[in-house]
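For reference, the structure is listed below as structure tokens.
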There are 2 protein chains.
Amino acid sequence: MEQLDERKEIILNAIIQNYLETGEPVGSRTISKSYLNLSSATIRNEMADLEELGYIVQPHTSAGRIPTDMGYRFYVDHLMAEKDKEVSQMQELMFEKTGKMEKLLKQVVKVLANNTQYASMILAPSVISNKVKFVQISNVDDNHVLSVVVMEGNLVKNRVIEVEKPLDNETMLKLNMLLNTNLNGLTVNDINLSLISNMKDQAGVHEEIVEQVLKSVADTITDDEDLEVYTSGATNFFKYPELSDSEKAKDLINAFEEKKPLAEFIQDVENESDETGIQVYIGNDSSIKTMKDCSVVTATYELGEGVKGTIGIIGPKRMDYANVLDNLKNLKSQLEKAVNGSPATDIVDSDSS
Amino acid sequence: MEQLDERKEIILNAIIQNYLETGEPVGSRTISKSYLNLSSATIRNEMADLEELGYIVQPHTSAGRIPTDMGYRFYVDHLMAEKDKEVSQMQELMFEKTGKMEKLLKQVVKVLANNTQYASMILAPSVISNKVKFVQISNVDDNHVLSVVVMEGNLVKNRVIEVEKPLDNETMLKLNMLLNTNLNGLTVNDINLSLISNMKDQAGVHEEIVEQVLKSVADTITDDEDLEVYTSGATNFFKYPELSDSEKAKDLINAFEEKKPLAEFIQDVENESDETGIQVYIGNDSSIKTMKDCSVVTATYELGEGVKGTIGIIGPKRMDYANVLDNLKNLKSQLEKAVNGSPATDIVDSDSS
DNA sequence: TGTTAGCACTCTAATAATTTGAGTGCTAAC
DNA sequence: GTTAGCACTCAAATTATTAGAGTGCTAACA
């Protein structure tokens, strides 16, 4: 596939660059004028070759050329100039320190959407491989027990359990001890029915209610309903003519609203990623049909060993890849820093005396 | 405004009904044929009158008539036939019993969007007037304290507080006692700095850390970030030609994604509501500019004394008002029942032995 | 052998011209 | 008060026309 001589590469690059900017099919004359001192006829010959090789196509006979998926791929892999590191690092934004992961993720995805002007999404760190750090149940009132679970990375999950009567103090203490000793360090996968019945036996309290509560705690941990995909800038699809006709925009925004399919697709991504953790899907590379006219770029972030999430954008194939990659790298590292790296600081602001 | 004789009312009703169904301006002939045995010429005369009175207009000289906002208003207030109660109650759906309010609301709003085919939203019960029911702090690890607050209606809020060192057991116990006795039954508005410093004094522990934790707990309670608007069916805007051109759809979906302006508008609604709790805003009735071509219908639900939220839909002015009102009433009551009324049942399902 | 000027040809997109038909308002008769 | 009839209007759909960007190919040139 690497049978392109230098001139063809230059021309291909010129075509793609130009198309990225204008969105119009680019003709031989444009290239001839602005990039090289070759006549348009010569360029035409080269273009014919590039078309035969599959890097570009004509939307119709008497039009200029636009890149194929393969053309984009070659551009991303070989031609694209990465942005200057120094410039990009400059933009160091401090995310508001917050006790809630959710809030942080929402901030990050908003920044991403703003910076890139593409629809952006972020998948919260998966709990599959995440470990239980702390469990606690308490009586809230006569009919409700609250169960709270803190996972590695300080993800908090909670659930209110409806019960017939409150647990007495002694049982409560026992159960809390039990829960912490048994569940600490386990992952979602480690928690199953036998473990629960095991704990029940250990508890030594033979009430129906104990089993119910234990089950609910297990449920609380395994429940991944609230570990979601956060999105921002869905309406950015309208910015790009190739995606903004009603039908396409509708499908895309819908996929963005549904989030389920998105989440699944992105989850797959996490596995495929290479050392940089960055993936570029062009057109049909991504498995979702509605996204055949889109490119998807994702970056996997890691908040601790095995605690991975994904951040990414969806936009037209005609995308400013360099800028997107730059932003993703940047946010990925800042996100990781915000959670892992930063020194402890006050959370409440200290403007009041 | 009530100077319409019966025949005019019938004709106006016919025009609006027809327009709701077809979306096309309706001409005199259509009315003459299907609704009354009057000639089209007679209908034309009446229409001219109705136009002069402001209930209908012609989009252009040689077109049929469409209702004005005033026409719709008259229809909603006086003409519209409410749906049969029996039929509507039939559709009694059980919402999955869940410990999480958030989940319940998401389910409800999804059902609403599905039933009506309009963009739907639900505003979580406001905490302003909601009371603290239970507070608890605990050491999660050496550097983190978890604060959990349960409000009336079992809304759970939590926050992880970063600290220099864990609180010793004794202090922890003391603080928990203190928090519960001091905060129980208070609303967000009741919680202020003097209360906090008061508590700090009572604690008798003169460490920096105590104040920090107390402040954070207060923050946890007052934080309304996660009491949000949930939406569903934003892409339904595309179903209605009058809203589906790029510009409008974009603005509307954007408003739906932003949620902030929505939330504010809806919050205002809560106050205006009459005994039924239902409000219909037609066109410019709603204060948001982007919604001038829309109607907004909202219902206020109440989960306990003073704990109010709002559920509503946004759609074209040409809307099936009867169906929407019916659905809102229905869901409002079911939502209230799901939280308040229903007898305690197992949360964990009992299919396993 | 690679490059280039030139020309006929193609096809889209924009503009203009034409047609169609639904609907009105008005008048005059019932 | 109601209605038939007719001239008139205007949006929307259809068709024709034009303009222009771009191509492929050929033949000449260095």
Side-chain angles (χ1 to χ4, degrees), chain A residues 3-12 14-19 21-68 71 241-242 244-246, chain B residues 3-12 14-19 21-68 71 241-242 244-246:
Chain A
Q3 70 280 66
L4 293 187
D5 60 40
E6 194 183 353
R7 194 169 75 177
K8 283 200 173 57
E9 281 196 4
I10 291 173
I11 291 174
L12 179 57
I15 293 171
I16 296 182
Q17 289 270 358
N18 198 291
Y19 185 65
E21 278 167 33
T22 66
E24 299 292 319
V26 352
S28 54
R29 196 123 181 290
T30 319
I31 302 298
S32 139
K33 262 195 295 191
S34 34
Y35 293 87
L36 296 163
N37 27 16
L38 288 172
S39 79
S40 62
T42 310
I43 305 287
R44 275 205 287 286
N45 289 332
E46 294 286 38
M47 278 174 149
D49 290 352
L50 283 169
E51 176 152 16
E52 204 170 351
L53 291 170
Y55 292 100
I56 52 179
V57 278
Q58 291 180 282
H60 57 265
T61 328
S62 67
R65 305 309 212 281
I66 63 176
T68 58
E242 58 266 55
S244 69
D245 78 281
S246 280
Chain B
Q3 69 279 66
L4 293 188
D5 59 42
E6 195 183 351
R7 194 169 75 179
K8 282 199 174 59
E9 278 195 6
I10 290 173
I11 291 174
L12 179 57
I15 293 172
I16 296 182
Q17 289 271 357
N18 198 290
Y19 184 66
E21 278 166 33
T22 66
E24 299 292 320
V26 353
S28 54
R29 199 128 177 290
T30 318
I31 302 297
S32 139
K33 261 197 292 193
S34 33
Y35 294 87
L36 295 163
N37 27 16
L38 288 171
S39 79
S40 63
T42 311
I43 306 286
R44 276 205 287 286
N45 289 333
E46 294 286 38
M47 278 175 148
D49 290 352
L50 283 169
E51 177 153 15
E52 204 172 350
L53 291 170
Y55 292 99
I56 53 180
V57 276
Q58 292 180 284
H60 58 265
T61 327
S62 68
R65 305 305 213 285
I66 63 176
T68 60
E242 58 265 54
S244 69
D245 78 281
S246 280

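For clarity, every value in this text was computed on a predicted model and none was experimentally measured. By convention in this document, chain letters (A, B, ...) are assigned in the order of the sequence lines, proteins followed by strands, and residues within each chain are numbered from 1. Note that these values count all heavy atoms, side chains included, but never hydrogens, waters or copies made by symmetry.
Looking at every heavy atom in both residues, B/P59 comes nearest to B/G64 through CD-O, 3.3 Å. Closest of all the heavy-atom pairs between B/I66 and B/Y19 is CG2-CE1, 3.5 Å. A/I15 and A/R65 make their closest contact through CG2-O, 4.2 Å (heavy atoms, listed as atom of the first residue, atom of the second, distance).
Atom CD1 of A/I66 is separated from atom C1' of D/dG22 by 14 Å (rounded to the nearest Å). C/dG2 atom P lies 11 Å from atom CG of A/D5, rounded to whole Å. Rounded to whole Å, atom C1' of C/dG25 lies 13 Å from atom CE of B/M47. Atom pair B/I43:CD1 and D/dG1:C1' shows a separation of 13 Å (rounding to whole Å applied). To the nearest angstrom, C1' of D/dT23 lies 16 Å from CD of A/E46. Going from atom CZ of B/R29 over to atom P of C/dT24 covers 11 Å, rounded to whole Å. Straight-line distance from the CD atom of A/E51 to the P atom of D/dG22: 15 Å, rounded to whole Å. Atom NZ in B/K33 sits roughly 9 Å away from atom P in C/dG23 (whole-Å rounding).
Nucleotides of DNA chain D nearest to A/A63 and B/P59 differ in position, and the one nearer the 5' end is that of B/P59. Where A/V26 and B/R7 meet DNA chain D, the nucleotide closest to each residue was compared, and B/R7 sits on the side nearer the 5' end.
The side chain of B/S28 sits closest to C/dT24 out of C/dT3, D/dT23, C/dT24.
Counting heavy atoms from C-beta outward, B/T30 and B/E24 have side chains that stay 4.5 Å or more apart. Taking 4.5 Å as the limit, some side-chain heavy atom of A/L4 sits within range of a side-chain heavy atom of A/Y55.
Remark: B/R65 is not in phosphate contact with C/dG23, judged by side-chain N or O atoms under 4.0 Å from OP1 or OP2.
A distance of 8.0 Å separates CG in A/D245 from OG in B/S246, rounded to the nearest 0.5 Å. For the atom pair CD (B/E9) and CZ (B/R7), the distance works out to 13.0 Å, reported to the nearest 0.5 Å. Atom CD1 of A/I11 is separated from atom CG of A/D5 by 8.0 Å, given to the nearest 0.5 angstrom. Once rounded to the nearest 0.5 Å, the distance linking CE of A/M47 with CG of A/L12 reads 9.5 Å.
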B/S/- contact track for nucleotides 12-17 of chain C, protein heavy atom under 4.0 Å: S-----

Got a list of protein N/O to nucleotides 4-8 of chain C N/O distances below 3.5 Å?
| from | atom 1 | to | atom 2 | distance (Å) |
| --- | --- | --- | --- | --- |
| C/dT4 | OP2 | A/S39 | N | 3.0 |
| C/dT4 | OP2 | A/S39 | OG | 3.4 |
| C/dT4 | OP2 | A/T42 | OG1 | 2.6 |
| C/dG6 | O6 | A/R44 | NH2 | 3.2 |

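A distance-only check finds no donor-acceptor pair linking the side chain of B/S28 to the backbone of B/I43 [under 3.5 Å]. Panel note: side chain A/E46, backbone A/K8; no donor-acceptor pair is recorded below 3.5 Å. Under the 3.5 Å distance criterion, the side-chain polar atoms of B/S32 are matched with a main-chain donor or acceptor of B/L38.
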Only Watson-Crick and G-U wobble pairs with both distances less than 3.5 Å should count. Give DNA chain C in dot-bracket notation, marking inter-strand partners with |. ||||||||||||||||||||||||||||||

